[in-house]
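Data block below; observations after.
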Amino acid sequence: MPELPEVEVSRLGISPHLVGQTISSVVVRQPKLRWPIPDELKLAEGYTIKAVHRRAKYLLIDIGIAQIVLHLGMSGKLRVVPATLEPIKHDHLDIVLSSGKCLRFNDARRFGACLWQPQGEVLPQLQNLGPEPLTEAFTAQHLYTLSRGRKTPVKSFIMDNDVVVGVGNIYANEALFMANIDPRRAAGRISFQRYQKLTKEIKDVLASAIQQGGTTLKDFIQSDGSPGYFRQHLRVYGRAGKACEQCEGTINSVVIGQRNTFFCPRCQR
DNA sequence: ACGTGATCCTGGAAGC
DNA sequence: TGCTTCCAGGATCACG
């Protein structure tokens, strides 16, 4: 699924079409997503969209009385299309706007979600989230302190949303390569200095991926339908057996926490 | 508190 | 060509 950069690219793409628009109707074709789409979503009709925010990989459409919370799961896509456009397979939800367009949510695997967060409430999914990686709240000190005593592999550690949000499999691999850290290394046995490097690389890789419109591996699209262009910048992800770009070595792959993991055993220790 | 593994669902690719 | 198996960018839950 989209990781933080892809969600942010989606937000930037849809936001200009949404903000200031009134929601004329909500069309649910398939309520069975990761969680059922709540009936309260209908209450959105008649309200005006104030802003579109992002927290972790969740998009928050603020309509004053509540926020419509969207998660793209692994295969979710958002497009802004004419409301009259014939829906295709897996077009589960439309938020129809006064402009005559609609925000259309398509999600083949249905790991995505649409939730309703009333003003002043915080959904369980949005509680206990770690800091945003692209803010000053995300520091080496944070990673260092939280990791003391932890035996979990550093890759699993930085993919844990309680630690820091938005770092998924692709960018975890890439950031660890850039920081020269072996993804299998116990999180609690990494020095403060190395966490400084890792923190910087996480920020850099995420910011750079956003600039490139995200990473399209198979099917991620920006809200205008174009792919992301970060794929060509991937140094290790998906490159098992290929030459490392930094040394004479070969990229290896192992499974960590049930996720495919790529690294250069010579560059990463 | 921590670490591991199963699980939700579909489609595309790879293997036979 | 057609059938089967495997794999995928996420996140929660149950269990030891």
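Throughout, a chain's letter reflects where its sequence line sits, starting with A, and its residues are numbered from 1. Since the model is a prediction, treat every value here as computed from it, not as a measurement.
Spacing between atom CD of Gln125(A) and atom P of dC8(B) amounts to 19 Å, rounded to whole angstrom units. If you take CG of Asp162(A) and P of dG3(B), they are 12 Å apart, rounded to a whole angstrom. In this structure, the CG atom of Leu129(A) is 11 Å from the C1' atom of dA11(C), given to the nearest Å. To the nearest angstrom, P of dT7(B) lies 20 Å from NZ of Lys32(A). As a whole-Å value, the separation of Asn128(A) CG from dA1(B) P is 11 Å. Computed from coordinates, the Met159(A) CE to dC2(B) P distance equals 19 Å when rounded to whole Å. With rounding to whole Å, Leu59(A) atom CG is found 15 Å from dG10(C) atom C1'. For the pair Gln258(A) CD and dA11(C) P, the computed distance is 15 Å after rounding to whole Å.
In this structure, the nucleotide among dT4(B), dG10(C), dC9(B) sitting nearest to the side chain of Pro153(A) is dT4(B). Relative to the side chain of Arg259(A), the nucleotides dT10(B), dG10(C), dA8(C) differ in distance, and dG10(C) lies closest. Comparing dT12(C), dG5(B), dA8(C) against the side chain of Asn260(A) picks out dA8(C) as the nearest. For His90(A), taking side-chain heavy atoms from C-beta onward, the closest of the listed nucleotides dG11(B), dG10(C), dA8(C) is dG11(B). Among dC9(B), dG10(C), dG9(C), the nucleotide with an atom closest to any side-chain atom of Arg109(A) is dC9(B). Among dG10(C), dG9(C), dG5(B), the nucleotide with an atom closest to any side-chain atom of Tyr237(A) is dG9(C).
Nucleotides of DNA chain B nearest to Phe111(A) and Leu146(A) differ in position, and the one nearer the 5' end is that of Leu146(A).
Residue Asp107(A) is out of contact with every strand shown, counting any heavy-atom pair closer than 4.0 Å. Using a 4.0 Å heavy-atom criterion, one finds that Lys151(A) contacts the sugar-phosphate atoms exclusively. Using a 4.0 Å heavy-atom cutoff across all strands shown, Arg150(A) reaches sugar-phosphate atoms only and no base atom. Using a 4.0 Å heavy-atom distance criterion, Arg34(A) is classed as a base contact.
Salt-bridge annotation for Asp94(A) and Arg104(A): present, with a side-chain N of the basic residue lying under 4.0 Å from a carboxylate O of the acidic one. Salt bridge status for Glu6(A) with Lys57(A): absent, with no side-chain N to carboxylate O gap under 4.0 Å.
In this model, the phosphate group of dG11(B) is approached by a side-chain N or O of Lys89(A) to a distance below 4.0 Å at OP1 or OP2. A close approach under 4.0 Å does not occur between any side-chain nitrogen or oxygen of His71(A) and OP1 or OP2 of dG10(C).
Across dA11(C) and dG12(B), the matching C1' atoms stand 23 Å from one another, rounded to whole Å. Nucleotides dC6(C) and dA6(B) have their P atoms positioned 14 Å apart, rounded to a whole Å.
For the residue pair Ser98(A) and Ser24(A), no side-chain donor N or O sits within less than 3.5 Å of a side-chain acceptor on the partner. In this model, no donor atom of one side chain and acceptor atom of the other lie less than 3.5 Å apart for Asn128(A) and Asp162(A).
Heavy atoms only, all atoms of each residue included: Gly112(A) and Phe105(A) are closest at CA-CZ, 4.3 Å.
Base pairing of dA6(B): its partner is dT12(C), meeting the Watson-Crick or G-U wobble criterion (both donor-acceptor distances under 3.5 Å).
Arg55(A) forms no cation-pi arrangement with Tyr58(A), by the criterion of a distance under 6.0 Å to the ring centre and an angle within 45° of the ring axis.
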